[in-house]
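Chain A is the first sequence line, chain B the second, and so forth, proteins listed ahead of strands; every chain is numbered from 1.
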Amino acid sequence: MPENAINQACQTNQLFALVDVNNFYVSCERVFAPKLEDVPMVVLSNNDGCAVARSAEVKALGVKMGTPWFQMKDLAQQHGIQAYSSNYTLYGDMSGRVVEVLRKFTPNLEVYSIDESFLAIETVLKQYANPTSLGQIIKQDVKDSTGLPVCVGIGASKTLAKLANHLAKKHPQFTGVCDISSMAKEALYQWMAETAVGEVWGIGGKTAKKLKELKINSVFDLVQTSPQSMRQQFGVVIERICYELRGVSCLQLEEVAPAKQQIISSRSFGKPVSSMDELAESVATHAARGAEKLRSQKSVTGALTIFVQTNPHKPFEPQHHQSITVVLSDPSDNTLTLTSAALKGLRQIYKAGFKYKKAGVILNLLADKPTMQQSLFDDMEVKGKSAGLMKALDSINSRFGNAAIKTAAAGTKQDWQMRSGNKSPNYTTQWDELPVAR
DNA sequence: TCTGGGGTCCTAGGACCC
DNA sequence: TCTGGGGTCCTAGGACCC
């Protein structure tokens with residue numbers, strides 16, 4: 001196999017379990033309102049725009065993910081579909097509880113999304129009769145502890161675990177747990193032949209269509225083709241999927257979530273917005289939210305993109321999709337810095353006379369927030385001299401706010417008091433005690 | 001007529017995921 | 001009347017350099 005196709009050395013004896021909550025948002029609502037059990041229901045997105053979660057009954061009616069609520073109102077009336085506004089705080093809390101339960105089984109766990117986790121189970125397997133029984137115990141434990149129903153898929157690669165989870169959800173005979181790794185080859189190929197290629201994790205609509213033109217319709221068809229030829233036609237991503245489906249694990253568990261490379265804050269407006277004032281309020285709020293997210297992951301941003309959009313669903317109204325990127329002279333996580341930069345950008349792209357539907361801010365060029373001392377040395381032009389140090393301190397003071405000067409001050413306490421009008425710093429350090437500059 | 005060659009960096013856009 | 005809000009990775013092509 002081509003070396004660069006595979007990120008990591010292929011390891012044998014790996015076994016992944018994917019635990020996925022059924023109809024997560026709907027199930028969360030039902031935990032707190034048991035009367036909703038068996039009632040057809042959806043949870044709606046922001047502004048109650050479209051369905052972002054559907055109960056099994058609603059899925060059976062053929063309602064697709066993301067269907068606008070207004071389009072399904074007739075159907076809702078016919079079948080008594082209940083609609084709920086989303087409550088992301090609740091869902092986040094429930095998600096945390098599920099992960100807590102899963103961690104009891106293994107610490108080697110990747111929280112993949114709000115309702116899905118991958119578990120590395122090969123090391124804990126010997127405590128159980130077989131992978132399926134482990135899966136059943138997990139399923140029962142989550143149900144008992146949180147009230148949420150899950151399905152468990154088990155396989156030698158993440159992609160196979162995903163596929164197994166899909167089978168567990170679709171076919172009642174698995175009773176919620178499907179272990180592909182223990183299946184006889186003939187049985188597995190049978191399931192693969194019955195599953196459309198578009199169901200594979202990473203194969204979306206466009207790729208599925210292209211594959212169909214090549215007479216690759218089922219998962220089995222894809223497994224039969226050579227990964228190398230898939231690479232030529234579709235690139236490394238699909239090649240990797242081919243290997244994964246053959247049980248060669250290419251995607252490893254990511255136990256610690258890597259820091260985000262980009263932070264987005266955006267919202268659609270409930271009704272169209274035209275005035276600069278309203279847009280400014282929205283954009284400033286998004287910048288402030290972004291700053292919060294930045295600080296919580298201890299990052300700073302070097303550039304922010306501000307965008308405003310009219311309603312693309314109304315093609316006969318004048319359209320205005322505009323964005324601008326503002327580069328900061330100094331990377332920052334400061335709310336005031338970010339909001340004023342965002343407003344500066346907005347002023348340049350705003351045009352009166354349009355009905356805006358959406359606005360947002362994207363934070364780019366994220367980097368780790370420098371520590372006080374790193375920043376000190378970065379800023380110093382004159383090293384080893386007190387004057388240089390004080391200059392650097394001034395710069396830090398302006399960058400980090402007034403608290404900074406209290407935690408790093410040069411010279412003896414007496415020196416400092418003399419220079420700063422006898423105000424005592426909380427903490428002083430001798431110049432000699434500072435680490436050597438790089 | 002013919003029109004180096006290789007490398008890097010950056011960006012926009014596509015495709016996908018939940 | 002009414003249409004979500006996040007993210008990731010990969011690729012192609014242009015600018016630029018030697």
What residue pairs, at least two apart or across chains, pass salt bridge (charged side-chain N to carboxylate O under 4.0 Å, His left out) with a residue in residues 256-280 of chain A?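 Qualifying pairs, neighbours excluded: none.
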Side chain to side chain contact (heavy atoms under 4.5 Å, CB included) with A/Ile264: which residues, sequence neighbours excluded?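 Checked A/Ile264 against side chain to side chain contact (heavy atoms under 4.5 Å, CB included); matches are A/Gln262, A/Ser266, A/Ile362.
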Going by side chain to side chain contact (heavy atoms under 4.5 Å, CB included), name the residues that satisfy it together with A/Glu254, two or more places apart in sequence or in a different chain.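 In terms of side chain to side chain contact (heavy atoms under 4.5 Å, CB included), with neighbours along the sequence ignored, A/Glu254 is linked to A/Glu110, A/Pro258.
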Side-chain H-bond candidate by donor/acceptor type, A/Asp179 with A/Ser181, under 3.5 Å: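 Yes, because at least one side-chain N or O of A/Asp179 sits under 3.5 Å from a partner of the opposite role on A/Ser181.
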Side chains of A/Asn22 and A/Ser27, donor plus acceptor under 3.5 Å: no
Take atom [atom1] of [X] and atom [atom2] of [N], then tell me their distance rounded to the nearest Å.
X: A/Arg54; N: B/dC18; atom1: CZ; atom2: C1'; value: 12 Å
X: A/Phe234; N: B/dG14; atom1: CZ; atom2: C1'; value: 14 Å
X: A/Asn23; N: B/dC18; atom1: CG; atom2: P; value: 14 Å
X: A/Arg231; N: C/dC9; atom1: CZ; atom2: C1'; value: 14 Å
X: A/Ile362; N: B/dG13; atom1: CD1; atom2: P; value: 13 Å
X: A/Asn22; N: B/dC18; atom1: CG; atom2: P; value: 14 Å
X: A/Glu254; N: B/dC17; atom1: CD; atom2: P; value: 17 Å

For a quick test of reading the model: is some side-chain N or O of A/Arg240 closer than 4.0 Å to OP1 or OP2 of C/dC10? yes
Can you pull out every side-chain hydrogen bond (donor to acceptor under 3.5 Å, both in side chains) where at least one residue sits in [range]? Sequence neighbours excluded, please.
range: residues 348-367 of chain A; result: A/Thr305-A/Asn364
range: residues 131-148 of chain A; result: A/Lys104-A/Asp141, A/Gln136-A/Thr175, A/Gln140-A/Asp144, A/Asp141-A/Ser145
range: residues 287-298 of chain A; result: A/Ser265-A/Arg289, A/Arg295-A/Thr335, A/Gln297-A/Ser299

At under 4.0 Å between heavy atoms, how does the protein contact nucleotides 2-8 of chain C? Give one character per nucleotide, 5' to 3', with B, S or -. BBBSSSB
Remember a base hit wins even if backbone is also touched, and classify A/Tyr112 as base, sugar-phosphate or nothing at under 4.0 Å, heavy atoms.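 Answer is sugar-phosphate: A/Tyr112 comes under 4.0 Å of backbone atoms only.
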For DNA chain B, the dot-bracket notation using Watson-Crick and G-U wobble pairs below 3.5 Å, [ ] for pseudoknot-type crossings and | for other-strand pairs, is ....||||||||||||||
Enumerate the residue pairs fulfilling ring-ring contact (aromatic ring centres under 6.0 Å, His included) with a member in residues 57-85 of chain A, sequence neighbours excluded, ordered by first and then second residue. none
Give every donor-acceptor pair under 3.5 Å between a side-chain atom in residues 36-43 of chain A and any protein atom, sequence neighbours left out.
none

Between B/dC17 and C/dG4, how far apart are the two C1' atoms, rounded to whole Å?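 Taking atom C1' in both B/dC17 and C/dG4, they lie 15 Å apart.
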Pull out every residue in residues 191-212 of chain A that has a heavy atom closer than 4.0 Å to any atom of DNA chain C, ordered by number, or say none. none
Pairs under 3.5 angstrom only: tabulate donor-acceptor contacts from the side chains of residues 191-209 of chain A to other protein residues two or more places apart or in another chain.
from, atom 1, to, atom 2, distance (Å)
A/Glu194, OE2, A/Gln190, NE2, 2.9
A/Thr195, OG1, A/Trp191, O, 2.8
A/Trp201, NE1, A/Tyr112, OH, 3.4

